[in-house]
K.L.:
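Handing you a structure now.
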Amino acid sequence: MTDVAQQFTYTGTPGRVRFGAGTLETVAEEIERLGCKRAFLLSTAFQAPDISALAERIGPLAGGVFTEAKMHTPVDVTERALAEFDACEADCIVSMGGGSTIGLGKAIAWRNDAPHLVIATTYAGSEVTDILGQTENGEKTTLRDPKIRPEVVIYDPNLTLGLPVDMSVSSGLNAMAHALEGLYAPDANPVMSLLAVEGIRALKTALPVIVRTPADPEARSGALYGSWLCGVVLGSVAMSLHHKLCHTLGGACDLPHAETHAILLPHTMAYNAVAAKQALQPAADLFGGDLAGGLYDLARELGAPQALKDLGLSRDDLGRVAELAAKNPYSNPTDVTRDGILGLLTRAYDGARPATS
Ligand code: NAD
């Protein structure tokens, strides 16, 4: 007897993970394990001191340092970085940072096939996905390709002790959104559902502690562990209404990525609560049975933004966004209609608690 009723397809995701406090020490060993000799090191300008310290630590294995990684992976930055990669005769990439730096590393690796080692310092989850978003001439395009997924990821929670609390909260809730949508994905499978529930549990436990005690080592470790699992889900199964709606709002109204996710999550889960009741049940159980209400209360406890009006959006924009969101059909447990989305957006605009079912 088995309790797995449906058919499913599961493809294991490759990649090596080193997890734990102090694993930054393993960078040189991991570069050599890849069979490489000269790494091209990447960061944002903000994390330049950290990447320079790493270059010093690995000595001759550091072939060059590039500290111009930017949000949304502009193609002109990638082209400059590629020229420097070639000029210093590097044979692999080491990205240290969050989704922006990892995006640059992926953009280089996708073009030149160089092995890519990531030292992840936020909860965004990009380090374990095969997804690359790039911008050129003001337009963002997203592509998926197995060769985009980094070969090695180092998760050293010590590097996240100083991640600002607001960023920790919004990127942690963003990670939870990957896992929640993974539960009702059209290509969901039991392995990803296990990872999703465990990832949500770990983040739900760790984030309130981080808000109270930002440098708590155990909570930092738990949040990074949870974000890894949620990232694996994002990189393995399809996302639905929540991610598409955040993308539409970001593109049409230029709203910030992580905050938009944090505000919409209780409302998108309420929208799908009835149609995806069975798939979402293990996550609802973590919130005392009421997933949407529980997510709303958690966001409040964490001090996360809760109303779209606070992001500078005008109420007049909601109709246009609802129309755009309903225009291109995609898989979602509940039908995506203009009126349905307008109702969802209006509650999210006002910061109202989602209706529980
Ligand atoms: P980020 O990489 O943009 O980082 C924001 C700022 O925080 C940067 O200045 C960075 O240097 C700094 N920072 C990073 N780690 C820090 C730390 N530990 N302590 C102090 N400062 C730190 O932020 P993000 O949320 O990780 O990434 C957002 C981007 O990633 C978005 O563009 C998003 O679209 C993309 N993303 C992509 C995927 C994917 O699979 N392709 C997944 C999730 C997010």
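Just so you know, ligand 1 is whichever comes first in the structure, and atom 1 is the first atom listed for that ligand. Source: prediction; values computed, not measured.
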K.L.:
With side chains defined as the heavy atoms from C-beta onward, is the minimum distance between Leu308 and Leu311 less than 4.5 Å?
P.N.:
yes
K.L.:
When clusters are formed from ILVMFWY side-chain contacts under 4.5 Å, directly or step by step, what else is grouped with Leu61?
P.N.:
Leu24, Val27, Ile31, Leu34, Leu41, Ile51, Leu54, Ile58, Val65, Val94, Met96, Leu117, Ile119, Val152, Ile154, Leu159
K.L.:
So for ligand 1, is Gln47 a polar contact partner (N or O within less than 3.5 Å, distance only)?
P.N.:
yes
K.L.:
Would you say ligand 1 has an N or O under 3.5 Å from any N or O of Leu159?
P.N.:
yes
K.L.:
Can you find an N/O atom of Thr129 closer than 3.5 Å to an N/O atom of ligand 1?
P.N.:
yes
K.L.:
Looking only at distances, can you tell me whether any N or O atom of Ser100, backbone or side chain, sits closer than 3.5 Å to an N or O atom of ligand 1?
P.N.:
yes
K.L.:
Does only the side chain of Lys140 get under 4.0 Å from ligand 1, or the backbone, or both, or neither? Count heavy atoms.
P.N.:
side chain
K.L.:
Between Gly97, Ser126, Gly98, flag the one that comes closest to atom 37 (C) of ligand 1 by a heavy atom.
P.N.:
Ser126
K.L.:
Please state which part of Thr73 comes within less than 4.0 Å of ligand 1, counting heavy atoms only: side chain, backbone, both or neither.
P.N.:
neither
K.L.:
Counting heavy atoms only, which of Gly235, Ala120, Ser227, Gly99 is nearest atom 30 (O) of ligand 1?
P.N.:
Gly99
K.L.:
Compare Leu163, Asn158, Leu143, Ile51 and give the one whose heavy atom is closest to atom 19 (N) of ligand 1.
P.N.:
Leu163
K.L.:
Before accepting this row, confirm whether a basic side-chain N of the pair Asp130/Lys106 lies closer than 4.0 Å to the acidic partner's carboxylate O.
P.N.:
no
K.L.:
Which residue supplies the protein heavy atom nearest to atom 43 (C) of ligand 1, what is that atom called, and how far is it?
P.N.:
Ala124 O, 3.3 Å
K.L.:
Closest heavy-atom contact between Gly98 and Gln47?
P.N.:
N-OE1, 4.4 Å
K.L.:
My understanding is that only residues two or more places apart in sequence, or in another chain, count here; which of them pass salt bridge (Lys or Arg N to Asp or Glu O under 4.0 Å) with Glu198?
P.N.:
Arg201
K.L.:
Are Thr135 and Val75 side-chain neighbours, meaning at least one heavy-atom pair lies under 4.5 Å?
P.N.:
no
K.L.:
Please report which non-hydrogen protein atom sits nearest to atom 9 (O) of ligand 1, along with the residue it belongs to and the distance in Å to one decimal place.
P.N.:
Phe46 CB, 3.7 Å
K.L.:
Looking only at protein heavy atoms, identify the closest one to atom 33 (C) of ligand 1 and say how far it is in Å.
P.N.:
His257 NE2, 3.9 Å
K.L.:
Kindly assign one of parallel, tilted or perpendicular to the pair His267 and Tyr296, based on the angle between their ring planes and the thresholds 30° and 60°.
P.N.:
perpendicular
K.L.:
Considering only the protein, which heavy-atom contact is closest to atom 11 (O) of ligand 1, and what is its distance?
P.N.:
Thr44 OG1, 2.6 Å
K.L.:
With a 4.0 Å heavy-atom cut-off (strictly under), which part of Ile131 contacts ligand 1: side chain, backbone, both or neither?
P.N.:
both
K.L.:
Is there a side-chain contact between Asp216 and Ile210, using heavy atoms and a 4.5 Å cut-off?
P.N.:
no
K.L.:
Here's a test for you: under side-chain contact (heavy atoms from CB on, under 4.5 Å), which of Ile102, Val118, Ile93 qualifies with Leu42?
P.N.:
Ile93
K.L.:
List the closest protein heavy-atom neighbour of atom 26 (O) of ligand 1: residue, atom name, distance to the nearest 0.1 Å.
P.N.:
Thr122 OG1, 2.6 Å
K.L.:
Hey, what's the ring geometry for Phe40 with Phe85, parallel, tilted or perpendicular (30° and 60° as the breaks)?
P.N.:
perpendicular
K.L.:
Among protein heavy atoms, which lies nearest atom 5 (C) of ligand 1, and at what distance?
P.N.:
Met167 CE, 3.7 Å
K.L.:
Any N or O on Thr121 sitting closer than 3.5 Å to an N or O of ligand 1?
P.N.:
yes
